[in-house]
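Notes to accompany the following structure.
Just so we're clear, the structure is a prediction, and the values are computed from it rather than from any experiment. FYI, side chains are in, hydrogens and waters are out, and symmetry mates aren't considered; it's all heavy atoms of this structure.
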Amino acid sequence: AAGSLDEARATVEEALASPWRTADLHAVAADVYGALGETQVSSQQQRLGQFAYLIRANPSHKDSLSNLSQRLSPGIKGRKC
């Protein structure tokens with residue numbers, strides 16, 4: 001099971017390094033990090049997923065929500081909604 005979690009982490013981190021940001025990606029990342037016991041990163045990914053959803057629902061507010069997302073999740077380098 002630990003090997004599959006390590007594989008899941010590698011896959012999630014590869015996806016998070018891409019330019020794509022979706023609520024589903026952040027939800028999966030939150031689940032993977034949570035299963036690994038990385039609760040702070042899991043919580044950050046949950047928040048980023050919420051922001052990604054809000055941006056999809058309110059595209060006219062994308063810049064404001066992205067800036068807020070960055071301020072609330074400073075520990076995640078290079079992560080943008």
Side-chain angles (χ1 to χ4, degrees):
S4 60
L5 280 177
D6 290 336
E7 291 172 15
R9 177 204 300 258
T11 301
V12 161
E13 289 180 354
E14 183 178 337
L16 289 171
S18 77
W20 299 102
R21 296 291 175 267
T22 67
D24 291 337
L25 171 58
H26 291 296
V28 169
D31 288 345
V32 169
Y33 288 120
L36 289 165
E38 297 183 26
T39 57
Q40 183 178 5
V41 178
S42 177
S43 294
Q44 289 172 329
Q45 288 299 322
Q46 287 175 342
R47 282 195 306 270
L48 289 171
Q50 292 166 347
F51 283 112
Y53 174 79
L54 290 172
I55 288 169
R56 186 176 66 205
N58 301 291
S60 63
H61 298 290
K62 181 178 181 179
D63 291 337
S64 297
L65 290 169
S66 291
N67 291 336
L68 181 58
S69 170
Q70 288 299 310
R71 288 199 322 265
L72 291 177
S73 299
I76 301 178
K77 293 190 281 183
R79 304 287 195 259
K80 296 184 281 186
C81 288

Inset, instruction - For the pair S42 (side chain) and E38 (backbone), establish whether a donor and an acceptor sit closer than 3.5 Å, ignoring hydrogens and angles. - result: no
Legend entry - All side chain to side chain contact (heavy atoms under 4.5 Å, CB included) counterparts of A8, not counting sequence neighbours: V32
Inset, instruction - Search all heavy atoms of A29 against all heavy atoms of Q45 and return the closest pair with its distance. - result: CB-OE1, 3.6 Å
Legend entry - Y53 OH to H26 NE2 distance, which is reported to the nearest 0.5 Å: 15.5 Å
Legend entry - Donor + acceptor pair across side chains of E13, Y33 (<3.5 Å): yes
Legend entry - Residue pairs, two or more places apart or on separate chains, that pass salt bridge (charged side-chain N to carboxylate O under 4.0 Å, His left out) and touch residues 22-34: none
Legend entry - A15 to S18 - nearest heavy-atom pair and separation: O-OG, 2.6 Å
Inset, instruction - State the CG-OG1 distance between L48 and T22, to the nearest 0.5 angstrom. - result: 11.5 Å
Legend entry - Heavy-atom pair with the smallest gap, counting every atom of A23 and A52: N-CB, 3.5 Å
